[in-house]
Asker: 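Shown below is the structure under consideration.
Throughout, numbering of the chain's residues begins at 1 and tracks the sequence.
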Amino acid sequence: MAQSVKNFKNTSRNFAYLIPIILGTLFGMCSFIGRHEGKINIGNILLYANIFFYILLFALAFFAIAKITAYANRHRSSLDKPFAPLRRITLDWSPRSIITLWCAITALWIPYFITYFPGVYWYDTSWQLMEYFDSSVPFTDHHPFMMTYLFVGFAHIGKALFNNAIYGLYLLILIQALLSTLSIACATCYTAKYNVPWKCRLFMALFLAVFPIIPMLSMTLAKDTFNTPFFVFFSIAFCELWKTQGTILKSVPFDIFFVIDVLAVSLTKKQVCTS
């Protein structure tokens, strides 16, 4: 019986690698399509090179996470003990922990707020603004209407308050950045409900706070960066729905938050773009 259980576990572990293989295949194909005008050519060796690269990348990440998880389970008692100077930072799912971590990450991002003033604007962002301010540019649904009107609205705020539209758009970037740091704080603290050890939560918070690509992206104004924190909140809510088997829906505050967040996620991101 014990041998049968062991064989089953080994088989399940091997089948688990289908996840990085599937993800790698999808990412490799999407990467190829994105660089070849939306077309896929099964005779192009770069397609298979892309797929192999992403499969290898995801497989290595999967392997590393499995090893780290196993290590954390074996050393949970020591990993649950905070470093002496940080004992007051519990990093649990509580308003105090979330607000404390939110403020700490925001403080670490202040140099980016200053360095990247007045923000980074993608081609799509300028296009959306031109759709409203330039009559020669047709107004289309290539981008979410809500994001276009949001950009325009803050441009008008900048004109009204500072006589400069770019200051209004920078204000929107600051709001986006604050939402991003809040989503990072919430995601980190929420992992405590899944018994992630304290030191792992601390490492996660530090990585998300200081890894430069994350704050740099948050200083750019586009539908993708603005949508991201709302999607993180949606992911947390979805996990809570699964964890409680739906009983959380009995909570009116949760229902209100969930409806508002689903609307925000849906209105700030368009999954299918028209050319």
Asker: In terms of the angle between their ring planes, are Phe207 and Phe203 parallel, tilted or perpendicular, with boundaries placed at 30° and 60°?
Answerer: parallel

Asker: I'd like to know if Phe226 and Ile213 are part of one continuous hydrophobic network [Ile/Leu/Val/Met/Phe/Trp/Tyr, side-chain heavy atoms within less than 4.5 Å].
Answerer: yes

Asker: Show, in sequence, the C-alpha distance, side-chain angles and deciding distance for Ile105 and Leu208, and conclude whether the side chain to side chain contact (heavy atoms under 4.5 Å, CB included) test is met.
Answerer: CA-CA 9 Å; Ile105 296 173; Leu208 294 173; 5.8 Å; no

Asker: Measure the shortest side-chain to side-chain distance between Leu182 and Phe233 over non-hydrogen atoms and say whether it is less than 4.5 angstrom.
Answerer: yes

Asker: Give me the atom names and distance for the closest heavy-atom approach of Met219 to Tyr112.
Answerer: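 Reported closest heavy-atom pair: SD-O, 3.7 Å.
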
Asker: Is there a donor-acceptor pair closer than 3.5 Å between any side-chain N or O of Gln176 and the backbone N or O of Pro229?
Answerer: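 No; judged by distance alone, with no hydrogens or angles, the pair does not exist.
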
Asker: If I compare all heavy atoms of Pro20 with all of Ala59, which pair ends up nearest, and what's the gap?
Answerer: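 Closest approach of Pro20 to Ala59: CB-N, 3.6 Å.
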
Asker: How close do Tyr54 and Gly24 get, heavy atom to heavy atom, and via which atoms?
Answerer: CB-O, 3.4 Å

Asker: Which pair of heavy atoms, one from Tyr194 and one from Cys239, lies closest together, and at what distance?
Answerer: OH-O, 3.3 Å

Asker: Just jot down the ring-ring contact (aromatic ring centres under 6.0 Å, His included) partners of Phe113, sequence neighbours excluded, or say none.
Answerer: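 None.
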
Asker: If you take all heavy atoms of Cys186 and Ile98, which pair is closest and at what distance?
Answerer: SG-CG2, 3.8 Å

Asker: For residues 45-53, run the donor-acceptor check on the side chains, cut-off 3.5 Å, and write out each pair with its distance to 0.1 Å, sequence neighbours left out.
Answerer:
unit_1, atom_1, unit_2, atom_2, d
Tyr48, OH, Ile42, O, 2.5
Asn50, OD1, Arg35, NH2, 3.4

Asker: Could you tell me which non-hydrogen atom of Val265 sits nearest to which non-hydrogen atom of Phe231, and how far apart they are?
Answerer: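 Of all heavy-atom pairs spanning Val265 and Phe231, the closest is CG2-N, 3.8 Å.
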
Asker: Considering only heavy atoms from C-beta outward, does the side chain of Tyr190 approach that of Lys243 to under 4.5 Å?
Answerer: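 Tyr190 reaches Lys243 side chain to side chain.
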
Asker: Between Leu26 and Phe58, is the side chain to side chain contact (heavy atoms under 4.5 Å, CB included) condition met? List the steps.
Answerer: CA-CA 11 Å; Leu26 291 174; Phe58 279 107; over 6 Å; no

Asker: Check the orientation of Phe258 and Phe234. Use parallel for under 30°, tilted for 30 to 60°, and perpendicular for over 60°.
Answerer: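 Parallel: the ring planes of Phe258 and Phe234 meet at under 30°.
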
Asker: Within the 4.5 Å heavy-atom criterion, are Trp109 and Ile184 side-chain neighbours or not?
Answerer: yes

Asker: Enter the distance from Leu217:CG to Thr225:OG1 here, rounded to the nearest 0.5 Å.
Answerer: 7.5 Å

Asker: Same cluster for Leu249 and Val259 if Ile/Leu/Val/Met/Phe/Trp/Tyr side chains link at under 4.5 Å?
Answerer: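 No, it is not one cluster - the side chains of Leu249 and Val259 are not joined through contacts under 4.5 Å.
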
